[in-house]
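Have a look at the structure below, then the notes.
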Amino acid sequence: MKEQYDFRVIEEKWQKRWEEADIFHVTEDKDKEKFYLLEMFPYPSGKLHMGHVRNYSIGDVVGRYLNMKGFNVLHPIGFDSFGLPAENAAIKHGTHPAVWTSANIAEMEKQLRQMGLSYDWDREACTYKEEYYKWMQWIFIQFYKKGLAYKKENPVNWCPSCQTVLANEQVVDGCCERCKSVVTKKNLSQWYLKITDYADRLLDNLDDDAKMGGWPERVKVMQKNWIGRSYGTEVDFKIVGSDLKFRVFTTRVDTIFGTSFMVIAPEHPYVEELIKGQKEEAACREYIEAAKRQSDIDRTSTTKEKTGQFTGRYVINPLTGAQVPIFLADYVLLGYGTGMVMGVPAHDQRDFEFARKFNLDIIPVVDPGNGEIDFDNLTEAFEAQGTMINSGKYNGMPNEEAIALIGKDFEEQGIGKRTKNYKLRDWLISRQRYWGTPIPMIYCEDCGWQPEKEENLPVKLPTDVVFTGTGESPIATSKTFQNAVCPICGKKATREVDTMDTFMDSSWYFQRYTDARNDQAPFAKEKSDYWMGVDQYIGGIEHAILHLMYARFFNMVLYDLGMTSVEEPFKNLLTQGMVLKDGAKMSKSLGNIVSPEEIIGKFGADTARLFILFAAPPEKELDWSDKGVEGSYKFLNRVWRLVAEIAEQTEGMPAKYILETEDDKQLAYVLNNTVKRVTQDIHKRFNFNTAISAIMELVNEMYRYKDLEDVNMGLLRDCAEKLVKMLSPFCPHIADEMWEGLGYEGFLFKSEWPEYDEKALVKESVEIVLQINGKVKDKMVVPAGLDKAEFEKLAMESEKAQALTAGKQIVKVIAVPGKLVNIVVRG
RNA sequence: GCGGAUAUGGCGGAACUGGCAGACGCGCAGGAUUUAGGUUCCUGUGGGAGACCGUGCAGGUUCGAUUCCUGUUAUCCGCACCA
């Protein structure tokens, strides 16, 4: 081995060798236990950032380790390569998005290879390629045939900057998730996927530990909240002088006797008929216009004072016969429930505020029973549980019982039913953009919307388009694209010009990896069945709802279609923490970006990987430290010098030995203990930081040992070999180089993970703690393996114990063999 | 407002089932090597002169609590007029 650790030469050398020997390519092998390891594939934005480096370093340790452990590890990579940045770059520079995209992919592939990641590149999947989007279109058609895709006109979220519609999930605080522009509403006819049909399954599986026990609790909670299932009752109120029914959804049907008004969302389709001809009509129209002008942010602000407008109409309470007024109010959301709400001011804070503003009755119907609430002088709504009052035959009943009973009674009388409601909406997947998968649908005047024939797929992206940025899909500017024939009647028809939300592409890529080069189907079932589900998925928390819910939904549909045998695609999920610099997220505006390219150039990929894995556990935030990186680099140099010295002194010597001195036994103990700790830290806990500390401790111990007078070279060699092996998942290049330096051929990736010897971990004597009243007073060395009685006797008879308890009354003695003796004394 | 998480030296973090708090690293201090700096190697490094005190704060359970329980504060994250 050379004296100097030259990472530049070493890393290039081994990357080349790994590639030439094609060691990361895997195929199905029934004799081996499979492991599907997946990291979220990147968007090809240009260059890797530190978040990528962290994500892929974590994955690579797991992959390389499990491979050495004998698993058949599928570890694929690809690029999520449709999307807006490519199109914007195209508009700006006058190039085609494909040019920008493929150049970025080439650059990022190069960087990923420079990191020494153990990917099976033969399975690379890029979503912008025809061979991929062809199957995306095919899958969309299967959704359509199953009744899960439909086109509908609705008020939709529109981003004026991205010039396209957005799904609910892509609107954050009323702004576009990508560009932060304020989102407006537009009425458009768009394609939707019926994810709401799967709401219950998506929700219930979250609590099924057999399917999703390996997910972080907080991600599951976020998805639950997003799906937002609530149980309640739908009740129909008669509208005076109209055939329309005022149907409300409520979780608190027990409070129905306290209803003193009704509220309807101003944009509700019923409003027109309700207000027409009323003397309040003009005022209502003014209110509706004002509501329209508000952004979602203003409208949903909880600090805003309640507004509303009386419609002139009334409903009849089916239980009391009382007539109560109907108001328009923008605090009612059109998209949730029925868009109509019953107002119970005594027991709902929003209704309370509304009633105060408009001087409406506040009728208490649930009593807390402790006399603490003065219903004549309420300052806020009483929303907790209690006993029914003012509620006819339900009086005296706990209100929770009344909910069930009233629901049952309503069902019998045919005026209501117990039901469920969700916050989740159907997934709007149309985008008025070019750089995405064309929606393979054709509109025929006679036959309506029809899917393109499967043999005609892919519906290719046209190249003769103009990027105008006008809000219509650029595809519409193609001279030929829209010309089609109806797949049913053969008449002239028109093609859909919108493309799919790119979250569609990333909702099944993990299935494509199992059979990435298939040109007959998206993937063969037997390949999917061998590899799925994903045993470990690793990625950022920012995908907790969007990608991770869409992908679950997609996989459930593929499961229902019989294409795969696994319902939940991701068994275990690790959400890695962010990489920070000086306590803040790395960003261009803060100017605190550390580029992976620079770090790898200066210290090498092995150092970059080692630092990023050592500085924090994977799920926590990681604060970048230049000093820390230098420390990792120094450590690798320290290992290098140590192994080089041992390699030279033990050339041709086997790693065989007999333990003679106490120092031998001590080093053998540390060695075996390190193997045990590193194995457990990687395998069971994903605590790479502590695994690396354990390796560091072994290195420190080897340094102490090697300069002793009586040194056992066979033992040192064994230490060096195991050290190099344990280091290899973290720092694969330097490890392979040192392995070669120790006289071995081939790759550590193809070697076996070291085992530890339980016998070497048994010590002859142990240091124990002597406590008096729970406080540590002294330490003593006793023979190991004593039973409790012997142990206690020995400890109690020791000089130290005698001295410490002299003149005191011994109340109790607690002895934990091998660990401690605690003497409880008085006086 | 609701839900979730976190809190340990100067810093990043360890302590796995309740049993020596601060592993490992960074930083700092001292020493050796070096013409010097850097590198490397060694030693020390929670506070306190000390008995002792120390894991956000206040209690509790226990022989014994960073770990379990109750309350509380702060910070971060998610959702938020969801009827």
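Naming: A, B, ... by sequence-line order, numbering from 1 per chain.
In this structure, the nucleotide among C41(B), C81(B), C79(B) sitting nearest to the side chain of R641(A) is C41(B). The side chain of Y703(A) lies closest to C41(B) when the candidates are C41(B), C63(B), C20(B). Distances were taken from every side-chain heavy atom of N700(A) (C-beta onward) to each of C24(B), C42(B), C20(B); the shortest belongs to C24(B). The side chain of R685(A) sits closest to C16(B) out of C53(B), C16(B), C63(B).
Close placement of the F354(A) and F327(A) rings is indicated, their centers lying within 6.0 Å of each other.
Atom name P, nucleotides G22(B) and G4(B): the rounded distance is 34 Å, in whole Å.
Residue-to-nucleotide contacts include a donor-acceptor pair under 3.5 Å from the side chain of K306(A) to the base of C81(B). A donor-acceptor contact under 3.5 angstrom links the side-chain atoms of K779(A) to the base of C20(B). No hydrogens or angles were tested; on distance alone, nothing pairs the side chain of N225(A) with the base of C79(B) as donor and acceptor under 3.5 Å.
Nucleotide A29(B) forms a pair with U43(B), judged by Watson-Crick or G-U wobble geometry with both contacts under 3.5 Å. The nucleotide G78(B) finds its pairing partner in C2(B), both defining distances of the Watson-Crick or G-U wobble pair being shorter than 3.5 Å.
Side chains of S230(A) and Y336(A): a donor on one and an acceptor on the other come within 3.5 Å.
Between A83(B) and R247(A), no contact under 4.0 Å exists linking OP1 or OP2 to a side-chain N or O. Between C20(B) and K819(A), no contact under 4.0 Å exists linking OP1 or OP2 to a side-chain N or O.
Here A23(B) presents its C1' atom at 12 Å from CG of N673(A), a figure rounded to the nearest Å.
In this structure, K676(A) reaches neither bases nor backbone, as no heavy-atom distance under 4.0 Å exists between it and the strands shown. K224(A) comes within 4.0 angstrom of no nucleic acid atom, judged by non-hydrogen atoms across all strands. Among the atoms of the strands shown, only primed sugar atoms or phosphate atoms (P, OP1, OP2) are found under 4.0 Å from some heavy atom of T251(A).
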